[in-house]
**Student:** 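First, the structure itself, so that you have it in front of you.
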Amino acid sequence: MREDLYVMWLSRIKGIKNIDNLIEYFGSAEEIYKADRNELCTVLPADNAINIAKAAADGSLYKMTEELDRVGADYISKYNKNFPEALKTIDDCPIGIYYKGILPPKTKRKVSMVGSRRCTEYGKHAALKLAGELADCGLAIVSGLATGVDAYAHEGALRHDGITIGVLGTAIDKVYPASNRQLFDEIIEKNGSIISEHAPGEETYGSDFVKRNRLIAGLSEALVVVEAETKSGTSSTVDAALKYGRSVFAVPGSIFSKYSEGTNRMIRDGCPPVLGAGDILLEIGITVDKPDIVDEEKDMSDKLEGLSEAGKSIIKSLSYEPTDFETLAAKTGIPESSLRAEITLLEIRKLVTKVPGQRYILVI
């Protein structure tokens, strides 16, 4: 049996602390498993020694490994050379993590992206765009698989055939929220991974979501906050990223949107704004060749090919912030009946989408 599984077994025994010291003394977690009570009592309090001896005799290790197999998960300890290197550098590194899918190679560079669960259309498209651009440049996207910005960050990477990592605050076999089941499965199917500190079936609490945020921050070399209210759950992720010496960026938003209050204040207080993937790449030392920019411009040109002058005028008048029909009519000067017809054509071509309140935004 692999050493990782012995570490998993040891980490789940009640009351056992200082696992690093124990493993150093015995040489491995497997040797601790094989040790008799007298050997254990030489370095541990009697109750801890008894707990370990009982756990070695009750078959719990085999039950744990069978459960991993049943849910299609695995476990890797921090002592394994393939454990995520970035996590080894944080002072509260987990003993190990459960995972589904494929852990990216140690050479794979990563950027984390978080934000509001109740994000706006602007936040949605900012997350999709940034994650997609970063994925195109070979970076893996890390997020928390929550609704809102997290989900769109994962989706943006997947749309561009990129790798993405979902970090759970729940047991490895529990999808939360349940509405993200399809996204959960797609991440695994497309060679990404789902990770958690919690074993299959383990009960978790609200505080575990805050605790997992340190993993989101720790896994990457940069953190991007897309949208956040003044008092936001993203603050613990930002705090962890700063503590670990990671670069932190904020996407600027409307001064009238409560969902951008947090990010705008971050920028006001000195956090660098991110206007595109290039800002992040520059900070972490990745150079993008100019041909990529040319390709992007050509792609945009292809999307706009064949549009009428009215259609082009509508595109120029829209942004990722919703614009209502009356404002759009005033900006373009197009008669209402013609405007509706042109918008319908743009929606069919998936260049524009309608949001609640008869408002429209760009989706290119």
Side-chain angles (χ1 to χ4, degrees), residues 113-136 141 143 146-160 179 183 224-229 249-264 267 273-277 279 296-297 299-364:
M113 193 174 297
V114 297
S116 175
R117 286 177 169 80
R118 297 180 298 278
C119 67
T120 65
E121 285 292 326
Y122 168 76
K124 168 185 174 179
H125 290 289
L128 288 170
K129 182 176 187 294
L130 288 170
E133 290 175 350
L134 291 168
D136 282 341
I141 303 300
S143 198
T147 54
V149 167
D150 286 21
Y152 294 126
H154 293 303
E155 186 180 333
L158 293 172
R159 285 186 185 182
H160 288 248
S179 58
L183 179 59
V224 181
V225 183
V226 175
E227 278 188 326
E229 298 178 59
F249 297 86
V251 175
S254 169
I255 62 172
F256 303 108
S257 172
K258 68 177 182 178
Y259 297 109
S260 291
E261 287 178 355
T263 46
N264 287 342
I267 293 168
V274 55
L275 306 181
D279 296 326
E296 186 176 324
E297 291 174 350
D299 183 51
M300 178 64 73
S301 177
D302 290 343
K303 288 180 179 179
L304 300 181
E305 186 178 356
L307 284 187
S308 65
E309 289 304 314
K312 292 177 181 177
S313 177
I314 293 168
I315 293 294
K316 288 180 180 178
S317 300
L318 288 174
S319 69
Y320 295 113
E321 286 282 2
T323 301
D324 61 68
F325 184 84
E326 290 75 16
T327 301
L328 189 56
K331 279 185 174 182
T332 60
I334 302 172
E336 288 193 10
S337 58
S338 298
L339 181 59
R340 292 186 193 281
E342 291 290 345
I343 289 175
T344 299
L345 291 173
L346 293 173
E347 288 183 281
I348 292 171
R349 291 185 60 167
K350 296 183 178 180
L351 302 176
V352 168
T353 191
K354 187 176 182 179
V355 297
Q358 201 178 5
R359 298 178 299 164
Y360 301 89
I361 61 169
L362 288 177
V363 291
I364 54 176

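Everything quoted here is computed from the prediction, not taken from an experiment.
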**Student:** Starting at CG of L128, measure out to CD of E133 and round the result to the nearest 0.5 Å.
**Tutor:** 11.0 Å
**Student:** Work out which heavy atom in A135 is nearest to a heavy atom in H160; give both atom names and the distance.
**Tutor:** CB-CB, 4.2 Å
**Student:** Kindly compute the distance separating NZ (K258) from OG (S116), expressed to the nearest 0.5 Å.
**Tutor:** 8.5 Å
**Student:** What's the separation between atom OG in S257 and atom OH in Y122, rounded to the nearest 0.5 Å?
**Tutor:** 9.5 Å
**Student:** When you measure from the centre of the six-membered ring of Y152, is the NZ or CZ of R159 under 6.0 Å away and within 45° of the axis?
**Tutor:** no
**Student:** Do V114 and V226 pass the side chain to side chain contact (heavy atoms under 4.5 Å, CB included) test, and can you show the C-alpha distance, the side-chain angles, and the key distance before you say yes or no?
**Tutor:** CA-CA 6 Å; V114 297; V226 175; over 6 Å; no
**Student:** Side-chain donor-acceptor pair under 3.5 Å between E347 and T353, yes or no?
**Tutor:** no
**Student:** Check each of D150, V149, T147 against R117 using the side-chain contact (heavy atoms from CB on, under 4.5 Å) test, and report the only one that passes.
**Tutor:** T147
**Student:** Do E229 and R118 meet the salt-bridge criterion of a basic N to acidic O distance under 4.0 Å?
**Tutor:** yes
**Student:** Can you name the nearest heavy-atom pair linking A157 to A131, along with the distance?
**Tutor:** N-CB, 3.9 Å
**Student:** Just wondering, do L351 and L362 contact through their side chains at under 4.5 Å, heavy atoms?
**Tutor:** no
**Student:** At what distance, to the nearest 0.5 angstrom, does CZ of R349 lie from CG of L307?
**Tutor:** 4.5 Å
**Student:** Roughly how far, to the nearest 0.5 Å, is CD of Q358 from CD1 of I343?
**Tutor:** 8.0 Å
**Student:** Would a 4.5 Å heavy-atom cut-off, applied to side chains only, mark V225 and V251 as touching?
**Tutor:** no
**Student:** Show, in sequence, the C-alpha distance, side-chain angles and deciding distance for I361 and T323, and conclude whether the side chain to side chain contact (heavy atoms under 4.5 Å, CB included) test is met.
**Tutor:** CA-CA 7 Å; I361 61 169; T323 301; over 6 Å; no
**Student:** Is there a side-chain contact between L130 and I141 (heavy atoms, below 4.5 Å)?
**Tutor:** no
**Student:** So how far is it from L339 CG to S317 OG, rounded to the nearest 0.5 Å?
**Tutor:** 9.5 Å
**Student:** Could you tell me whether the side chain of N264 and the main chain of G253 form a donor-acceptor pair under 3.5 Å?
**Tutor:** yes
**Student:** Under the 3.5 angstrom rule, does the side chain of S313 hit a backbone N or O of E309 as a donor-acceptor pair?
**Tutor:** no
**Student:** Just by distance, no angles: are the side chains of T263 and E227 close enough, under 3.5 Å, to form a donor-acceptor pair?
**Tutor:** no
**Student:** Nearest heavy-atom pair of E342 and S308: which atoms, and what distance?
**Tutor:** OE1-OG, 3.1 Å
